[in-house]
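Written out below as structure tokens is the structure these notes cover.
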Amino acid sequence: NVDKKEQFAAIFKTFSSDPDQIISKKNLAREIGLSRPVIDKYLAILVDIGLVQTVSNYYESSRKTLRSDKKIYITSLNLALSYLGITDLKNFAIAAFFGHVFENFVFNELSAQHKELYYWKRQSKELGFLITKTNNTLAYEVKAATSINQKQLDKYKRYAKQVKAKLKIINWNIEDEQSELLKLVQK
């Protein structure tokens with residue numbers, strides 16, 4: 001039951017305009033003018049009706065993972081972009097936002113193939129997605145950049161090594177409008 005439709009819409013708009021971000025329910029409650037329990041209720045409704053999905057920070061302890069901060073992803077990018085009034089990404093001037101949209105796209109593709117999906121973050125160290133399987137953990141880092149240099153690649157390799165994962169980089173070259181999806185859609 002949604003009591004405050006304008007605030008409910010404001011929550012969806014906030015998630016749409018800032019996909020793939022770790023949410024602070026406390027800050028969101030303050031910005032929108034709702035209590036944390038109402039934020040929890042409205043987020044649960046958005047998840048239940050399939051407009052958003054949450055992803056937990058991965059820890060070896062499943063209890064810690066469940067209690068971790070969550071990232072929010074939009075399940076329908078078309079709906080979210082339309083809601084924001086964005087109809088053409090080619091003319092969309094904010095490249096930083098495109099990176100978030102691209103990561104959300106990759107999330108949608110990965111989540112269609114894998115039931116359990118996590119992100120990994122420790123202080124300033126972060127990997128976009130972690131897929132844990134028996135004896136095989138995959139770490140994905142998603143970028144929308146013209147290139148990834150060796151220093152960046154080495155950094156992500158170190159992070160993947162910390163979680164005993166094989167690293168995959170998914171990069172969309174903005175200038176060439178080409179994606180290196182690394183056979184993402186293929187299983």
Side-chain angles (χ1 to χ4, degrees), residues 2 6-32 34 36 38-58 65 68-121 124-131 138-146 148 156 159 168-174 177 179-182 184-185:
V2 177
E6 294 83 19
Q7 285 87 352
F8 184 79
I11 292 171
F12 183 69
K13 186 173 187 177
T14 299
F15 294 156
S16 296
S17 63
D18 205 7
D20 92 14
Q21 298 301 308
I22 298 170
I23 61 162
S24 165
K25 293 177 188 175
K26 179 181 168 185
N27 291 344
L28 186 59
R30 186 178 57 245
E31 289 169 20
I32 296 176
L34 295 171
R36 253 193 87 185
V38 172
I39 294 290
D40 287 335
K41 174 184 167 183
Y42 288 178
L43 176 57
I45 291 170
L46 287 168
V47 170
D48 288 347
I49 63 176
L51 288 177
V52 301
Q53 285 185 325
T54 61
V55 175
S56 299
N57 193 355
Y58 177 79
T65 298
S68 70
D69 291 333
K70 307 292 185 256
K71 273 190 171 188
I72 298 288
Y73 290 94
I74 305 298
T75 57
S76 171
L77 285 171
N78 289 340
L79 176 64
L81 294 172
S82 176
Y83 191 74
L84 296 171
I86 300 167
T87 57
D88 185 2
L89 283 178
K90 287 188 180 206
N91 293 327
F92 193 56
I94 305 172
F97 182 74
F98 180 79
H100 296 294
V101 171
F102 181 59
E103 184 167 329
N104 202 126
F105 166 78
V106 171
F107 166 79
N108 288 339
E109 292 297 316
L110 288 172
S111 67
Q113 297 174 25
H114 304 280
K115 224 174 177 160
E116 291 191 31
L117 204 56
Y118 307 94
Y119 73 96
W120 179 83
K121 183 172 174 113
S124 64
K125 302 173 185 176
E126 185 173 355
L127 290 167
F129 300 108
L130 211 59
I131 298 169
L138 299 174
Y140 289 86
E141 181 56 28
V142 180
K143 294 291 177 198
T146 53
I148 297 173
Y156 295 123
Y159 299 168
K168 295 193 176 253
I169 301 287
I170 301 171
N171 184 51
W172 182 277
N173 185 329
I174 297 169
E177 296 183 9
S179 177
E180 300 165 25
L181 288 178
L182 303 177
L184 175 65
V185 180

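From a predicted model like this one, the values you see are computed outputs, not experimental measurements. Worth knowing before you read on, the calculation uses all heavy atoms, side chains too, and leaves out hydrogens, waters and symmetry mates.
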Atom pair CG/CD1 of Asp69 and Ile22 - distance to nearest 0.5 Å
6.0 Å
Verify, without hydrogens or angle tests, whether Thr54 (side chain) and Ile72 (backbone) share a donor-acceptor contact under 3.5 angstrom.
no
Are Ser56 and Lys70 linked by a side-chain donor-acceptor pair shorter than 3.5 Å?
yes
Do you know the tightest heavy-atom contact between Trp120 and Lys125?
CZ3-CB, 3.8 Å
Test side chain to side chain contact (heavy atoms under 4.5 Å, CB included) on Ile39 and Ile23; report intermediate values, then the result.
CA-CA 11 Å; Ile39 294 290; Ile23 61 162; over 6 Å; no
Contact check, side chains of Lys71 and Phe107, non-hydrogen atoms, under 4.5 Å
no
Atom CZ of Phe105 and atom CG of Leu77: how far apart are they, to the nearest 0.5 Å?
8.5 Å
CG of Leu43 to CG of Leu28: how many Å apart, nearest 0.5 Å?
8.5 Å
Quick check: do Ile45 and Lys41 have side-chain heavy atoms less than 4.5 Å from each other?
yes
Once you round to the nearest 0.5 Å, how far does CG of Leu110 lie from CD of Glu103?
10.0 Å
Atom OG1 in Thr75, atom CD in Gln53: separation rounded to 0.5 Å?
6.5 Å
With a 3.5 Å distance limit and no angle check, can you tell me whether Glu141 reaches the backbone of Ile169 through a side-chain donor-acceptor pair?
no
So, for Asn104 and Ile74, which heavy atoms are closest and what is the spacing to 0.1 Å?
ND2-O, 2.7 Å
Do any pairs count as a salt bridge (Lys or Arg N to Asp or Glu O under 4.0 Å) and have a residue in residues 10-28, sequence neighbours left out, and if so which ones?
Lys25-Asp40
Validation row, ring centre Tyr73 to ring centre Phe129 under 6.0 Å
yes
Results of salt bridge (charged side-chain N to carboxylate O under 4.0 Å, His left out) for Lys121 - residues two or more places apart only
Glu126
Is the ring pair Tyr156/Tyr159 parallel, tilted or perpendicular, if the boundaries are 30 and 60 degrees?
perpendicular
Does Phe12 reach the side chain of Leu51, with side-chain heavy atoms less than 4.5 Å apart?
yes
Could you state the interatomic distance from CG (Leu34) to CD (Glu6), rounded to the nearest 0.5 Å?
10.5 Å
Return the set of residues passing ring-ring contact (aromatic ring centres under 6.0 Å, His included) with Tyr118 (not counting sequence neighbours), or none when no residue passes.
Tyr58
Look at the rings of Phe8 and Tyr42 and say which category their plane angle falls in: under 30° parallel, 30 to 60° tilted, over 60° perpendicular.
perpendicular
Tell me if a side-chain donor or acceptor on Ser68 pairs with a main-chain N or O of Thr65 at a distance below 3.5 Å.
yes
